Amino acid sequence: MGALTLVVALASVVTAVTAALTWQRRARTSAAVPLTASLVSVSVWSTAVVMLNTGQRPAVLDALVHVQYLGITGAVAANRLFAHSVTGGRLTARRVLLLCVEPLLVQLALLADPATRLFYASVEHVGDPPVRQTTLGPLFWAHALYSYAVVATGVAVLARRRRYATGLLRRQLGTVLLAMALPASVNVVTITLPAEVVSVDTTPAVFAVTGLLFAFSVLRQDLLHLLPVARGLVVDTLGDAVLVVDGQGRVVDLNPAAAALLQHLGQPPAAVGQALDAVAGPALTAAVGAGEVQDVVQLGAVSLDVRVRRIQDARGHVLGRVAVLRDVTAQHEQQRELEEANAQLRRHVETIERLRADLAEEAARDPLTGLRNRRRFVDDLTERLRAAAGGGHPVALVLLDVDHFKAVNDTHGHAVGDAVLVAVAGLLREHARAEDVVRYGGEEFVVVLPGLDTADAAERAEQLRTACALLRVDGDAVRVTISAGVAACPEHGTTPDDLLLAADRALYAAKTGGRDRVALAT
């Protein structure tokens with residue numbers, strides 16, 4: 001057994017041990033399964049190569065070729081599945097079955113090869129012990145090109161993922177890339193050099209290094225634990241949509257929630273490598289391209305909360321952006337309904353307040369004349385006197401009484417008496433502010449005159465008396481006259497009781513003096 005054969009045998013042992021280690025971690029992540037399958041395939045491949053170089057009978061050598069290619073094609077397929085898994089992809093049955101097609105076709109081609117010579121153009125068993133010597137046929141080269149293409153796509157996926165990764169994840173992916181690139185490079189040399197130069201397939205030997213690299217990733221970098229958590233178990237299971245866009249505005253990654261959201265919005269099927277504008281539309285593209293922002297974008301009936309963060313390398317260069325999209329249509333609808341309910345509640349409260357104010361105002365007004373009654377008059381007058389005292393302004397009031405009102409009721413009836421009161425109230429309202437005229441009780445009225453002293457108030461009272469003397473009620477049957485008493489603050493008092501008492505005494509003086517006149521408080 002030559003030195004190269006011993007190295008290949010060592011590779012078989014190393015990959016088998018590493019496969020056992022990765023299989024123990026299969027509960028952590030689905031990536032352990034294809035990695036274990038890859039290492040087992042390499043171990044099978046290495047074992048077949050060793051057996052092919054240990055002097056076996058020709059029939060055994062021919063059978064070992066089937067085992068050898070079972071390991072080769074299995075390693076290629078399993079490595080591709082592993083690359084897909086560690087970059088966040090799901091291992092679907094369809095993907096696994098598609099990658100199993102080529103290994104099956106290779107086995108069928110080897111079975112038919114003694115008759116067709118399409119895989120190996122010639123096969124000879126030379127020497128003692130016999131050695132299998134071959135020349136390569138067209139199906140072999142088709143198999144080789146397919147294998148390199150599969151390996152290349154796996155390397156491309158890993159390289160693209162590593163480009164945007166940082167920290168431990170970046171180192172993990174670097175280790176995986178190196179482990180996959182080494183055997184592929186050696187295999188190119190092995191199949192292109194003449195058989196006289198390379199008598200043993202050394203590709204499995206390089207897998208000894210590959211196995212050590214994978215073992216290092218599994219044991220020291222915790223490859224099968226941290227990497228799937230960083231991508232698959234977090235991003236893919238997020239309820240929020242995640243879009244990753246590179247510096248040229250192309251989609252480089254998206255999770256299933258993002259694909260479902262874009263499909264729900266009626267956008268074209270999202271595909272990695274397409275321009276974001278073609279995938280997401282102009283409104284969402286503008287929001288994602290605006291920098292590090294948080295905004296709500298309205299896309300038809302759908303409201304999206306968009307949060308964008310820049311992806312930067314260690315030197316601060318912007319590599320792209322990651323956008324997290326959340327459908328907040330339901331929340332916005334709930335908020336709108338809540339705002340509408342609050343607005344309706346405010347309207348109800350305003351209506352209640354208005355009704356309460358109307359009731360309060362109605363309770364404070366005389367139902368016959370519409371004037372304010374004496375219920376709140378004393379409180380209001382107190383406030384006016386306090387404000388006038390603070391500003392140094394006088395306040396006067398006139399207490400009026402309809403002359404011979406009882407006689408009017410007795411002679412003409414209460415309806416005419418009410419008409420007299422209404423007429424007097426209307427006249428007083430015309431000559432003063434509405435809030436300053438009060439029906440004090442029965443046939444008595446009070447007119448508050450802010451800012452007027454006794455003399456001015458007496459003149460205004462005389463005007464009111466003269467105007468009332470012109471009133472006629474029930475045709476010309478009733479002539480209305482009034483008597484008035486005038487008092488002012490601060491001469492005649494500073495409280496409502498003092499002023500009303502002074503005005504009442506003046507009114508009494510006017511009545512005893514003959515009525516239809518104005519008297520001043522003393």
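Small disclaimer: the values here were computed from a predicted structure and weren't measured. Values reported hereafter were calculated over all heavy atoms of this structure, with side chains retained and with hydrogens, waters and symmetry mates removed.
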When you look at CZ of R117, are more than 12 heavy atoms from neighbouring residues, nucleotides or ligands closer to it than 6.0 Å?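 Yes - once you tally the heavy atoms of other residues, nucleotides and ligands closer than 6.0 Å, there are more than 12.
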
Walk me through whether L111 and H66 qualify under side chain to side chain contact (heavy atoms under 4.5 Å, CB included). CA-CA 8 Å; L111 288 173; H66 289 272; 3.5 Å; yes

Atom [atom1] in [X], atom [atom2] in [Y]: separation rounded to 0.5 Å?
X	Y	atom1	atom2	value
L158	L178	CG	CG	12.0 Å
F140	D113	CZ	CG	12.0 Å
L345	R347	CG	CZ	10.0 Å
M51	S46	CE	OG	13.5 Å
L325	R307	CG	CZ	11.0 Å
T73	Q68	OG1	CD	10.5 Å

Shortest non-hydrogen contact from [X] toward [Y]:
X	Y	answer
Q107	L70	NE2-N, 3.4 Å
F119	L110	CD2-CD2, 3.6 Å
L81	P34	CB-CB, 3.8 Å
S41	G74	OG-C, 3.4 Å
A75	V42	CB-CG2, 3.9 Å
V322	V242	CG2-CG1, 3.8 Å

Going by side-chain hydrogen bond (donor to acceptor under 3.5 Å, both in side chains), name the residues that satisfy it together with [X], two or more places apart in sequence or in a different chain.
X	value
Q335	E339
E350	none
E333	R336

Inter- and intrachain pairs under salt bridge (Lys or Arg N to Asp or Glu O under 4.0 Å), touching residues 40-65, at least two apart: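 As it turns out, the salt bridge (Lys or Arg N to Asp or Glu O under 4.0 Å) pairs with a partner in residues 40-65, which skip direct neighbours, are D62-R132.
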
Contacts table for residues 92-106: side-chain donor-acceptor under 3.5 angstrom, sequence neighbours left out:
from: T92; atom 1: OG1; to: R95; atom 2: N; distance (Å): 3.3
from: R95; atom 1: NE; to: H84; atom 2: NE2; distance (Å): 3.4
from: E102; atom 1: OE2; to: H143; atom 2: ND1; distance (Å): 2.8

Could you tell me which residues satisfy side-chain contact (heavy atoms from CB on, under 4.5 Å) with T153, sequence neighbours excluded, listed by chain and number? R80

Go through it in stages, so that I can follow the logic: the residues are T135 and Y120, the test is side chain to side chain contact (heavy atoms under 4.5 Å, CB included), and I'd like the CA-CA distance, side-chain angles, deciding distance and then a yes or no. CA-CA 6 Å; T135 55; Y120 288 117; over 6 Å; no

I'd like to know if R346 pairs up with E353 as an ion pair, taking the criterion as any Lys NZ or Arg NE/NH1/NH2 lying under 4.0 Å from an Asp or Glu carboxylate oxygen.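 A salt bridge is absent here (no side-chain N lies under 4.0 Å from a carboxylate O).
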
Please report the C-alpha distance between V448 and F377 in whole Å, then the side-chain angles of each, then the deciding distance to 0.1 Å, and finally whether the side chain to side chain contact (heavy atoms under 4.5 Å, CB included) criterion is met. CA-CA 10 Å; V448 181; F377 171 65; 3.7 Å; yes

